[in-house]
Structures are given as structure tokens and as C-alpha cells.
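Each remark here refers to the structure printed beneath this line.
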Amino acid sequence: MSATVLQKTPLHALHLELGAKMVAFAGYDMPVSYPEGILAEHRHCRESAALFDVSHMGQLCLAGDGAAPALESLIPVDIIGLAVGRQRYGFFTSASGGILDDLMITRRERDWFVVVNAACKHADLEHLSTHVGRRCTVRPLPDRALLALQGPKAVNVLARLDPVLSNSVFMTGVNATLAGAECFVTRSGYTGEDGFEISVRASDAEALARALLDSTEVRPAGLGARDTLRLEAGLCLYGHDISDVTTPVEAGLTWAIPRVRRAGGARAGGYPGADVIEAQWARGADTRRVGLIGQERVPVREGALIVDARGDKLGQVTSGTLAPTLNRPIAMAYLAASHASPDQDVYAQVRGKNHPMRVSAMPFVPHRYVRA
Amino acid sequence: MTPHLIISSVHLWLHGRPYSITQGETMTTKYTPDHEWINVEGQEAATVGITQHAQDALGDVVFVELPEPGRTLKRGDVAGVIESVKAAADLYMPVSGEILEVNEALRADPSLANSDPMGHGWFFKVRVTDMSEFEQLIDAPAYEKLVKNA
């Protein structure tokens, strides 16, 4: 056991009151599941609405005239052209083309609101301060909680509290007043469902969470369900499916790099590792992130080797679970390009036996985002 | 952007929540520190499963790997695997013996290990080689104490 004292989110007491199983995650004491269990929480999110505490994640804002070009010098996304209220997915890249963290950026009236991974937030802040700290104001927001309300009925719940949210669409953000609390709410998430992420003052978080849980549609869900939901949705988990040794090309995330930042675009390159990424993009990566569906019932977990019919190594699993919606094992893996196209048959080694899996397009479960 | 929690042993997930052991015949049911129970039904044939506490610690069981009937295994050998959504745990032989039968209903519906761990969620039956190994296991009050102090 580590002697490190775990940090608590503003909802910690509520988690205990709800009977959550708590685990250490990224330095925080977090709920992995509630008494209903991961499968029930997962299904409730797909069918109704689930409330997640993601306050451990890093929230920060960048302000000043130099903020947009400063962010573009670190992230291959169109930030200068981002309209107020619009949100983008992106990543910090390293000089060698790896991914330092993935993140969400929303342009607000007076600043850019950024959400980063919990485990990376201190490094991200240092990265920003070091490289763009003189070009704009970089301000962490440790006094804010982050709640995710995810699922097809999330919109009903939030629109009752503030009708402005009924008009929002996927990947936009807006100010809203929810149960008396001033919030910044984006229509986005990490489950593949329609849903919202709510940034709220820490002191207002518990009252808001209780108000949301009072709705008949809403039940709490922990990090366990969040992981199975995001995996079914084909969304990467930083530190597992993407890292500083995987490039956006290998990870299949080049869709997040807009035309204006690609070779030949008006603001091509200009971010760390652009030369490496562009060259690999043009040439094609030797290994690629793929989805795998198990042809047998045995779950295939992170670290499992993937081999071909002759037993030669093709790659390794980076995330895997039994998909609650499909009731079959699913996984993400990095495979040799020769085997990285859909419907290829490969084998996962689990406890010394080879189990057949098939390369599959992702998401494993269709996204149900509400677009304009 | 979320967690990934695979553990290799049930131990890590124990939270020290007390459970009352519902099994009536404490004389014929014993427990292991690995949170398995073994019930001797007579003729040295015993039934093995996981405890209420183990199923709660694991969460939703989605897959079990059961031993091959006819195989003889020693006490402490890995007899099978229990996998929940987030965790994989080994199932150990509480005593040495020959595997007589496995629970095919559990293989088809692993959630039986959650809903009825002491009953329909049993894992396998074993012909006990040496009953003194059974006698050395802990009884219900001692197991309950172990769980409380975990």
C-alpha cells in the first residue's frame, strides 16, 4: 500500500453515502462502482442517464490575445478559427510525434476552456507554462468540479433545469444555471452516448449532484462503467491506448487534425513533432490501433499478445473487457499494418492459449451524439 | 481518459465489510483465506465455490474457467479463473484431490457466482485426497473474523 494521501473530489462524501466502492485513481480516492455494479451502471447509461464524478480531471483556461496561436503551437487543431461556443478534441504532441495528453478545448467569450486527463494535469500545466506562459495567461481551475451526465435521457434532465441546454448540440459549450449553480456545460462525453459535462464551482457540486440524482432518470455510475462505456465507443484511454510513444497516425487519430493544420494547409505544422507526424502520415504507419472482437467468451485484457495463425507476434492489447452491450470480449490493440484492416483473423494469447479475435471497425457500439 | 483496473488477486479488492455466513452446517463447510468455501458432503466428495465476500469484491462475474474433470490437483494449485468486468482472479484448490464434476450452469451463466455464491454458483466438486487438509481450513467464525479485519 502506498503511504500517499489520496485527494478527494468535492463529491467524496456523497460517494461514500451512496455506498460506492472506492479505488485510488490518478492520486484521487474515486468511486469505481456503486452497489448496483458496473454492468447495471453501464446499461443505465445506455438506456437512461448516468451521473459520473470526473472532478479529478484537470480544468484550466487560457486567456489573452495570444492564447489561440499559443495553443496552436502545441496542439494540431484549428484553435484560431474556432467559433465561440464550439468545442474540439485534440492532443499535445511531443517533439518525437508522440501524444503527451489528449484534451478537450472549448472557445468561450473571454477565454479557452481546456479539460485534460487527471494523471497528466500537472505535467500539462508545466508544459503550457514553459512553452506559452509568456504569450497568454494560463490559469488552472482547481476550485471547480466536473460532473458528466451521460445517456439518452440526460438532455431531458438538464433541459428541465435550464431550457438553454435543449438547443445545444454535440461539441458545443454554453453557460447554464442548474439548480441555482452557475455552470459551464459542454455537450460531450466519454461514453458514446448523448450527454453533457458540467463544470461547476466545487462548493456547488454536491447540491447539484443531489439535484441530478433526484431525477428519476438518473443513477450514479463509477469509473468502472466509464471505462467499459468508452471502450465500447472506441474512445482512447490515455496512458493505455495512446501515450508519448504512440503517434496520432499510429493511433488513428489524424481525423482530429484539420485540413488547415495538415501539409499544404494555411497553418500547416507549427506544433511539436509535426515533421515526424507528417512524414509518417504520408508514408503510412507500421503499426496501427485497431479494434478486436473476441470470437470466444474469454475476456482479453491489456497486455495480451496478439499473434497470427502461425503464432508470430503481431502486436499487443492496450485495453480490453467483456463488452456489456455486445456481451462479447472487445479490445483495442496495436497491430502490424499487414493485419490492421477489418475482418482479419488474429489470436489473443490468454493464459497460454490462443483465442480467436477479429479485427473490427470502431466504435463497437454506435455513437448516438446529437449533432446540428 | 478514465481508469483501468485489472487486478491479479481478489485480495486487493477487499474492503473489510462484514458478512454473515449463511451456510448452516459449519461443521461440513470450511473457508480459505483466498475467500473460497468447501463443503464436504460425505464420501470425501466436496463442493467448492467462492464466498459472498469474494463475489462482492470482484463485482459482476462475466467469465469462469473451470478445471477438467478427472484431473488431480494439489492444494494451492490454480484450479480455474474468475473474471469480472474489471478484475481477473485465480481460483485455488483448497485441498488436494481429483476433480469429479464442474458446474456447467455457472459456465453458461457466470452471474450465478454473484447471485448465489454459496449455492447454485458453486464451481466444482472434488474427491478429497486427504481429509486432514480439509480439517486444517478455517471455520465460519474464523473466516468471518478474517473478513472483518481485512
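Numbers restart at 1 for each chain; the letters A, B, ... are given by sequence-line order, proteins then strands. Please read all numbers here as calculations on a predicted model, not as lab measurements. Heavy-atom basis, side chains included; hydrogens, waters and symmetry copies ignored.
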What residue, out of A:Gly37, A:Pro324, A:Pro299, has the most heavy-atom pairs lying under 4.5 Å from chain B?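 Going by pairs under 4.5 Å, I would pick A:Pro299.
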How about CZ on B:Arg71, more than 12 heavy atoms from neighbouring residues, nucleotides or ligands closer than 6.0 Å, or not?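 Count not over threshold, so no.
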Does CD belonging to B:Glu68 count more than 12 external heavy atoms closer than 6.0 Å?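 Open: at most 12 neighbouring heavy atoms sit under 6.0 Å from CD of B:Glu68.
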Residues two or more places apart in sequence or in another chain: which of them pass side-chain contact (heavy atoms from CB on, under 4.5 Å) with A:Arg43?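 Once residues adjacent in sequence are excluded, the partners of A:Arg43 under the side-chain contact (heavy atoms from CB on, under 4.5 Å) criterion are A:Leu39, A:Glu47.
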Report the distance from atom CG of B:Asp60 to atom CD of A:Glu41, rounding to the nearest 0.5 Å.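 Answer for the CG-CD pair, B:Asp60 versus A:Glu41, is 8.5 Å.
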Steps toward side chain to side chain contact (heavy atoms under 4.5 Å, CB included) verdict (A:Asp227, B:Lys86): CA-CA 9 Å; A:Asp227 192 42; B:Lys86 298 303 289 178; 2.8 Å; yes
Toward chain A, the part of B:Val81 with a non-hydrogen atom under 4.5 Å: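 Side chain only.
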Is it true that a side-chain atom of A:Arg297 and a backbone atom of B:Val62 form a donor plus acceptor pair closer than 3.5 Å?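 Side chain of A:Arg297 to backbone of B:Val62: a pair is present.
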For residues B:Ala88 and A:Arg301, report the shortest heavy-atom separation together with the two atoms involved.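 For B:Ala88 versus A:Arg301, the nearest heavy atoms are N-NH2, 4.3 Å.
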